[in-house]
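Position 1 is the first residue of the sequence; numbering continues from there. Just so you know, ligand 1 is whichever comes first in the structure, and atom 1 is the first atom listed for that ligand.
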Amino acid sequence: MSTKPLWIRHASQLVTLAGSSREPLTGKRMEQLSIIEDGSVWLEDGLIRHVGTDQEVATACRERMQDADIIDASGKVVTPGLVDPHTHLVFAGSREDEFDLRLKGATYMEIMNRGGGIHATTSATRQASHETLYRESKKRLDQFLLHGVTTVEAKSGYGLSLENELKQLEVAAELNKSHPIDIVSTFMGAHAVPQDYKEDPDRFVDYVIDVMIPEVAQRKLAEFNDVFCERGVFTPEQSRRILEAGRKHGLLPKIHADEIEPYEGAELAAEIGAVSADHLLRASDKGIAMMAESGVIAVLLPGTAFFLMAESANGRKMIDAGVPVALSTDCNPGSSPTVSLPLIMNLGCLKMGMTPAEVLVATTINAAHAIRRGHEVGSIEVNKKADITIFDVPNYMQLQYRYGVNHTDTVIKAGVKVVEGGRLV
Ligand code: IZC
Ligand code: ZN
């Protein structure tokens, strides 16, 4: 079915990020946004067909002008739809009680070791029906869309048994079909050692490797495999085994690395050639250098550091060292219960020393590369998916400067308007 073309005209800034589809941007290139003033984009059949100044696109499409629906973007910034490359989207329940405890001095790890934290969300998620999980997760997806996000990665990891991990992944697959947002799935059976394996964590590692990974891969329910490599959770040796096993089944490695304590997670990510290493608050200089060398993308989560009242990862240092950097919400009920990628961008500037241009790269094209979608989304170029966000600010710097506000005005997903005037269509 072909729909009417959609023509976005007169953007005060059209941020294209052109020329970055093959590889993530690094170093000084992370400030190259390729902006077109008085910019214009022609969308048709779900794809971007023409990009240029308004005059250029008007000339190229002059015979078809009458056919198109027009969006006047004058005074506004047009960017690729934002991409969130690290979420724990599908879960039940919430953990505001732990928030209260942490404000009184308890730590994230203490709460988890007492059977709360990930274990609390695992209990709630195991008890929830498929329908409840679907409904709760869909609400979050709607909110993501309202914040200008058109693609998210979603991890399992609150099932911690084959049946319950499959339940989470199936909900994600169903939402991917029914919701405008594209969901890229990651299996994270190794998110915590469940309570009934506490005495013998290696037996759980064997279960992840021998039972869960083959089944998830065979059912094609995930593209990536992730592990929480952290002291008291999974060791670097266990993490390596799990990620190597996933790779044998076609699941690409990602890793939660050096979040709470330095644990040589960045080094491990570089050694095994992970697609991304995420968190990295406590990554060593050596690990950062190794990531730069092997091209591992750093997915940084400044909302998590903010919410855990910890010092953020050093995004500035990583970019200067040549590591490709992406940003994400880490949306989850424990350490970052937010869907606001724009707020994360603000924090990227204010807490990690990144520039407004760098955070835009980190939430569009570099985020797309972190989930292997750089060829498809993350920049405004001919033949890429027509995923576009329009912000009600006159230049991209105001997105970061007027912080803590959702400036999303219009969102277009695969050529269809899904948010208009800040509301779901
Ligand atoms: O539910 O606490 N860090 N995983 C690793 C999380 C935070 C999510 C959670
Ligand atoms: Zn996470």
Side-chain angles (χ1 to χ4, degrees), residues 84-99 101-102 106-126 128 133 136-137 140 152-160 164-165 168 172 184-195 222 224-234 239 242 253-261 263 265 269 274-283 297-310 312-313 326-339 341 344 367 370-371:
D84 191 329
H86 180 141
T87 85
H88 301 256
L89 176 78
V90 180
F91 63 84
S94 65
R95 294 180 5 217
E96 61 278 14
D97 51 338
E98 296 179 6
F99 177 51
L101 288 174
R102 285 197 301 101
T107 69
Y108 176 86
M109 273 298 170
E110 279 165 11
I111 293 169
M112 177 160 163
N113 291 336
R114 275 188 239 149
I118 294 170
H119 302 300
T121 302
T122 299
S123 303
T125 305
R126 284 180 175 179
L133 278 179
E136 294 295 311
S137 308
R140 285 186 278 277
V152 304
E153 184 258 17
K155 301 177 195 299
S156 68
Y158 293 125
L160 308 185
N164 287 292
E165 287 291 309
Q168 263 188 293
V184 175
S185 272
T186 295
F187 167 66
M188 198 176 178
H191 192 193
V193 178
Q195 301 289 63
F224 295 95
N225 181 29
D226 199 341
V227 47
F228 190 8
C229 178
E230 189 71 47
R231 196 178 298 284
V233 192
F234 294 97
S239 303
I242 291 165
K254 281 180 167 281
I255 178 167
H256 281 57
D258 304 317
E259 177 183 354
I260 317 268
E261 285 186 37
Y263 208 28
V275 175
S276 73
D278 303 31
H279 285 291
L280 301 170
L281 280 70
R282 312 298 304 278
I297 299 175
V299 175
L300 303 182
L301 312 160
T304 309
F306 179 61
F307 198 70
L308 293 182
M309 297 171 281
S312 293
L327 289 175
S328 158
T329 59
D330 192 21
C331 173
N332 78 75
S335 61
S336 190
T338 185
V339 293
L341 196 52
I344 299 305
I371 49 173

Closest non-hydrogen atoms of Leu160 and Arg126, given as atom of the first, atom of the second and distance, are O-NH2, 3.6 Å
Counting only nitrogen or oxygen atoms and a 3.5 angstrom limit, does Arg95 reach ligand 1? yes
Protein contact to atom 7 (C) of ligand 1 [nearest heavy atom, distance to 0.1 Å]: Tyr108 OH, 3.0 Å
Got a second to check how far Ile118's CD1 is from Phe91's CZ, nearest 0.5 Å? 12.5 Å
Ring geometry between Phe99 and Phe307 (parallel below 30°, tilted from 30 to 60°, perpendicular above 60°): parallel
Non-hydrogen atom of Ser335 closer than 4.0 Å to ligand 1: yes
Quick one: pull up CG in Asp278 and CG in Asp258 and give me the separation to the nearest 0.5 Å. 11.5 Å
Compute the minimum heavy-atom distance from Met112 to ligand 1 and say whether it is under 4.0 Å. no
So CG of Leu301 and SG of Cys331: to nearest 0.5 Å the spacing works out to 11.5 Å
Glu259 heavy atoms within 4.0 Å reach ligand 1 at atoms 3 (N), 5 (C)
Thr121 OG1 to Arg95 CZ distance, which is reported to the nearest 0.5 Å: 3.5 Å
Just verifying a value: how many Å separate Glu230 CD and His256 NE2, rounded to the nearest 0.5 Å? 10.0 Å
Look at atom 1 (O) of ligand 1 and say which protein heavy atom is nearest, naming residue and atom and giving the distance to 0.1 Å. Tyr158 OH, 2.6 Å
Could you check Thr186, Asp330, Asn332, Asp226 and say which one makes a side chain to side chain donor-acceptor pair (under 3.5 Å) with Lys155? Asp226
Going by distance only, is there an N or O of Asp330 that falls short of 3.5 Å from an N or O of ligand 1? no
The atoms of ligand 1 lying under 4.0 Å from a heavy atom of Ile118, numbered in the order shown, are 1 (O), 2 (O), 4 (N), 9 (C)
Side chain to side chain donor-acceptor pair (under 3.5 Å) partner of Thr329, the single match among Thr87, Asp84, Thr304: Asp84
Under 4.0 Å from one or more heavy atoms of Phe228, ligand 1 contributes atoms 3 (N), 5 (C)
For the residue pair Tyr158 and His88, categorise the inter-ring angle as parallel (less than 30°), tilted (30 to 60°) or perpendicular (more than 60°). tilted
Nearest protein heavy atom with distance in Å, relative to atom 4 (N) of ligand 1: His191 NE2, 2.8 Å
Working to the nearest 0.5 Å, report the span between CG of Leu281 and CD of Glu261. 12.5 Å
Counting only protein N, O or S atoms and ignoring waters, those under 2.8 Å from the Zn ion (ligand 2) are His86 NE2, His88 NE2, His256 NE2, Asp330 OD1
